[in-house]
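Here is the structure we will look at.
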Amino acid sequence: MMRFMQWLHRWVSLILIIQVLLWIVSAAAFSLMGHHAMSGHQYMRHVHPEMLSEQAPQWSLDEVRRRFPAADSIVLSNVLGYPQYQVKEGTEWSYVDGHTGAAWQTDAQLAQAVAAASYEGPGVIVDVEAIERSDEVIKWQGPGYRIDFADDLNTRVYVDAASGQVVDHRNTQWVIADWAFKLHFMDYSGERSFNHLLIWSAGLFALWFSLSGLILLVRNVAQGDFNPRRKPTWLEQLQRDEKPIASSCGGGGTCGLCKVTFDNAQQPAPTAAERVMLSEAELASGLRLACQHKVQASDKVELANGDVASHTLNLQRKRDLTPSIAELTFSSSQPLTYRAGQFLQFKIPHENAVLERHYSFATAPTDDGLLTFTVRHMPAPRSGVPAGIGSGFLCRLKAGDQVEAIGPFGDFVLTEAQERQQVFIGGGAGIAPLRALLQAEKQAESPRPCKFFYGARNGSELCYVDEFAADEQVDYVPVLSESVSEDWNGRTGFVHAVAAEWLRSQDLSNLDVYVCGPPAMLKATMDMLAELGVPRNQIKFDDFGI
Ligand SMILES: Cc1cc2nc3c(=O)[nH]c(=O)nc-3n(C[C@H](O)[C@H](O)[C@H](O)COP(=O)(O)OP(=O)(O)OC[C@H]3O[C@@H](n4cnc5c(N)ncnc54)[C@H](O)[C@@H]3O)c2cc1C
Ligand code: FES
């Protein structure tokens with residue numbers, strides 16, 4: 001619940017911050033432009049010609065009354081001095097020629113003359129267009145004319161065809177002001193009203209933001225987060241003691257890497273984050289996330305990966321597997337024992353700091369002791385943003401270069417349940433631990449049947465295709481989600497959907513599923529497995545966060 005509140009609080013704050021910025025920018029635009037500029041009336045002539053006496057209406061008021069017996073009002077007006085009756089019946093207006101009693105007619109020539117009479121700027125008319133309506137004059141129904149003047153403000157004058165009257169003037173500054181109003185009033189209908197659903201929602205968002213912020217603040221105070229003498233979490237304590245413990249979420253409870261074992265008589269109650277990240281069996285065995293629990297004197301805590309050590313890795317060879325994934329093979333300064341599915345924490349020198357990035361072994365342990373990793377070079381998502389630092393650093397290494405790493409970490413390892421079908425679902429950089437697990441299963445005394453679904457956008461993103469295709473023990477199902485060439489006769493679509501199709505025909509109580517891949521794929525697969533009813537303790541996943 002708190003997790004959801006935190007998540008929602010963060011997103012609502014983002015929306016509100018964006019809106020506050022829009023308010024500031026639009027208010028600044030109002031102040032800079034001034035009222036006159038915003039009106040669009042810079043070149044509007046405000047004095048209209050008087051009706052000429054010889055133009056007095058020949059059709060009398062009595063005749064108008066007889067024609068419109070239900071009229072609420074009758075106004076004698078004029079168009080360029082020519083008499084016109086404006087009759088209002090309820091909400092309807094009728095316009096009548098003051099001399100003939102006929103319905104008023106406005107042609108392009110008259111509209112042009114009316115527009116010219118209402119204009120006192122430096123421009124000349126360059127275009128006259130008959131229009132049905134215009135988004136620039138919201139409440140006007142049309143039809144009418146738009147008359148464009150060639151001036152510094154791109155003035156256009158709208159003339160109503162029914163009445164021959166000027167509807168309004170518009171120009172470039174008015175358009176800017178109109179957008180500022182839309183952003184400021186959050187009213188994208190153009191009616192400049194504060195009374196609409198969007199602004200009510202913004203009010204509710206702000207209320208939610210304040211209340212949830214207050215609740216989170218109270219919780220943080222209660223937890224002693226602002227107390228300089230507060231107890232550290234076990235993650236902080238172990239890091240202070242320079243113990244080898246992995247973390248890629250900074251203690252947020254979302255990466256699941258900081259696993260420790262509590263050997264207390266009474267184990268701490270699992271937090272919401274732990275219920276998400278750890279299986280029931282892990283929780284029952286005393287496994288917890290070090291970032292979730294404050295240090296207590298009575299705690300007996302052990303690192304989940306006790307055999308962790310520092311290693312200097314020496315790059316032996318490097319090759320590109322796909323346009324974005326490189327395979328790097330290192331030798332280690334000292335023997336390194338690991339289990340397939342585990343990973344090392346690499347020390348990436350960057351500017352004056354050392355960053356930590358994690359990379360999974362891409363093979364099961366080998367006799368020659370070489371360590372192979374597959375690194376996906378993270379591209380910059382858009383210009384102006386740097387590409388991935390750690391992956392960039394590793395992909396730039398040359399044979400003979402060295403890098404420091406500690407480990408191994410992780411418990412994304414094969415299950416020991418006998419006879420169960422082993423199902424691997426992955427994509428992108430998730431290939432590394434899945435390949436290692438598949439190799440380890442193959443080396444087992446009595447290998448279990450393996451099914452491997454691997455998703456990629458297109459054929460060039462598939463790696464180790466020949467290796468998996470040639471492996472008789474693995475039923476390999478590559479799935480392409482985007483561009484598919486004509487000679488592709490494999491599966492297409494999303495890898496989790498293809499896996500789901502197959503899983504529906506399986507005995508779900510008799511399989512183990514290993515999942516690793518990009519966040520969206522990982523989430524879709526975990527949701528799919530939950531929906532199908534695959535027991536949570538038969539699912540293992542590794543969240544790379546990329
Ligand atoms: C247990 C585990 C195992 C892993 N195993 C592997 C593996 O085997 N292979 C593998 O390739 N990866 C693996 N990873 C992921 C790896 O650790 C790194 O997270 C990954 O390589 C990205 O790190 P980076 O330093 O290259 O990118 P970062 O520098 O962390 O950047 C990440 C992304 O953010 C973008 N970015 C940077 N700055 C900004 C900004 N200001 N605004 C918006 N975007 C920005 C970057 O361009 C990049 O796309 C694993 C992760 C974990 C947790
Ligand atoms: S540090 Fe990421 S879950 Fe604890």
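We number each residue from 1, following the sequence as shown. Just so you know, ligand 1 is whichever comes first in the structure, and atom 1 is the first atom listed for that ligand.
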In the protein, which heavy atom is nearest to [atom], and how far is it?
atom                    : result
atom 41 (N) of ligand 1 : Val385 CG1, 4.3 Å
atom 17 (O) of ligand 1 : His358 O, 2.6 Å
atom 46 (C) of ligand 1 : Pro386 O, 3.4 Å
atom 26 (O) of ligand 1 : Ser391 OG, 2.5 Å

Report task. For the residue pair Asp471 and Leu438, establish whether any side-chain heavy-atom pair is separated by less than 4.5 Å. Result -> no
Query - Flag side-chain contact, heavy atom, 4.5 Å: Met186 against Trp23 - result: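 The answer is yes; the side chains approach within 4.5 Å.
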Query raised in the report: Mind checking whether atom 4 (Fe) of ligand 2 has an N, O or S of Cys249 under 2.8 Å?
Result: no
Query - Atoms in ligand 2 flagged as close to Leu235, the criterion being non-hydrogen separation under 4.0 Å - result: 1 (S)
Report summary line: Atoms of ligand 2 under 4.0 Å from any heavy atom of Cys258, numbered from 1 in the order shown, are 1 (S), 3 (S), 4 (Fe)
Query raised in the report: Hey, would you say the Phe330 and His311 ring centroids sit under 6.0 Å apart?
Result: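 No: the rings miss the under 6.0 Å criterion.
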Query raised in the report: Does Phe424 have its ring centroid less than 6.0 Å away from the ring centroid of Tyr454?
Result: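 Ring centroids of Phe424 and Tyr454 are no less than 6.0 Å from each other.
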Requested in this report: Look at ligand 1 and say whether Asp543 reaches it with a heavy atom at a distance under 4.0 Å.
Outcome: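 Checking ligand 1 against Asp543, which is what was asked, there is a heavy-atom contact under 4.0 Å.
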Query raised in the report: Closer than 4.0 angstrom: is that true for some heavy atom of Gly428 and an atom of ligand 1?
Result: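 Gly428 does not count as a contact of ligand 1 under the 4.0 Å cut-off.
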Does [X], backbone or side chain, put an N or O under 3.5 Å from an N or O of ligand 1?
X      : result
Gly390 : yes
Thr374 : yes
Ile389 : yes

Query - Pair Lys347 + Glu356: basic N to acidic O under 4.0 Å - result: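 Glu356 and Lys347: salt-bridged.
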**Report entry** Donor-acceptor contact present, side-chain Arg288 to main-chain Pro268, <3.5 Å
**Finding:** yes
Query raised in the report: Near atom 2 (Fe) of ligand 2, is there an N/O/S atom from Cys291 that is less than 2.8 Å away?
Result: no
